[in-house]
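What follows is one structure encoded as structure tokens, with my remarks underneath.
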Amino acid sequence: MGYYPVSLELSRRCCVVVGGGAVAERRVEGLLRAGADVTVVSPELTSVLVGMAGVGRIRHAARRYRCGDLEGAVIALTAVDDPGVTAAVAAEARERGVWLNAADDAAHCDFMLPAVVRRGVLTIAVGSGGSSPALARALREHLDAILGAEWASLGA
């Protein structure tokens, strides 16, 4: 399947993350950098996510996902080890017209998350359409190492 690269304006828009582990934490951090209004649905959270919830940076529904959790969302992301939960979230997402990214489950994804390098306003996204995340990560690490901080000042 071909993917169309795009940058989304998520500032103040509702985004839902289902899952509370390390992968969910990385997804939440990216959404917050984009200015999204983030709700995390999970009975448990990493200590970083607990801290974010404690200071109001995210909302936390301290329970397992249930149908209706995507109401008002523009995008949703799952980061759970339960294929049944991912399938249920995917069904609701499709019903509501919410784009979904399901970690490690390309069959349920409407969009892929690229590996990203940022230098100020410059954003470089590397993707493999989900076929080789390791390749995208390796190229991101290479670009991160060779593009110095001076690139940030060029876009100012």
What I'd like to find out is whether the side chain of R12 reaches to under 4.5 Å of the side chain of D37, using heavy atoms alone. no
I need the minimum non-hydrogen distance between H108 and R94, along with the two atoms involved. O-NH2, 3.6 Å
Compare every heavy atom of A53 with every heavy atom of H60, then report the nearest pair and how far apart it is. CB-CB, 4.1 Å
Mark yes or no for whether T46, through its side chain, and L49, through its backbone, hold a donor-acceptor pair below 3.5 Å. yes
Do N101 and R27 make a side-chain contact, defined as non-hydrogen atoms from C-beta onward lying under 4.5 Å apart? yes
Got more than 12 heavy atoms from elsewhere within 6.0 Å of CG, D144? yes
Got a sec: does the CD of E29 have more than 12 other heavy atoms crowding it under 6.0 Å? yes
Please check if the number of heavy atoms outside E150 that lie under 6.0 Å from its CD is greater than 12. yes
Side-chain heavy-atom pair D105, T78 within 4.5 angstrom cut-off: no
Test item: D104 and V23 side chains (from C-beta on) under 4.5 Å apart, heavy atoms: no
Can you name the closest pair of heavy atoms from G19 and V40 and give their distance? O-CG1, 3.2 Å
Return the minimal non-hydrogen interatomic distance between S128 and S131, and the atom names on each side. O-OG, 2.8 Å
In terms of hydrophobic clustering (I, L, V, M, F, W, Y; side-chain heavy atoms under 4.5 Å; direct or indirect links), are V116 and L31 co-clustered? no
Hey, quick one: are V6 and V126 part of the same hydrophobic cluster, counting side-chain heavy atoms closer than 4.5 Å, chains of contacts allowed? no
Taking a hydrophobic cluster as the set of Ile, Leu, Val, Met, Phe, Trp and Tyr residues connected by side-chain heavy atoms closer than 4.5 Å, whether directly or through intermediates, do L135 and L139 fall within one such cluster? no
Using every non-hydrogen atom in the two residues, find where A79 and A103 come nearest and quote the distance to one decimal. CA-CB, 4.2 Å
Treating R13 as the side-chain partner and G35 as the backbone partner, does any N or O pair qualify as donor plus acceptor under 3.5 Å? no
Atom CZ of R59 with >12 non-hydrogen neighbours under 6.0 angstrom: yes
Apart from V89 itself, residues in the same hydrophobic cluster as defined by side-chain heavy atoms under 4.5 Å: V16, V18, V41, Y65, L70, V80, V85, L100
Minimum heavy-atom distance between A106 and M112, given as atom pair plus value: CB-CE, 3.8 Å
So does R64 have more than 12 non-hydrogen atoms from other groups sitting under 6.0 Å from CZ? no
Are the side chains of C15 and V74 in touch, meaning some heavy atoms are under 4.5 Å apart? yes
Around atom CZ of R63, are there more than 12 heavy atoms from other residues, nucleotides or ligands closer than 6.0 Å? yes
Atom CG in L143, atom CH2 in W151: separation rounded to 0.5 Å? 10.5 Å
Connected via hydrophobic side-chain network under 4.5 Å: V17 and L113: yes
Could you see if L122 belongs to whatever hydrophobic cluster contains L8? Use Ile, Leu, Val, Met, Phe, Trp, Tyr and a side-chain cutoff under 4.5 Å. no
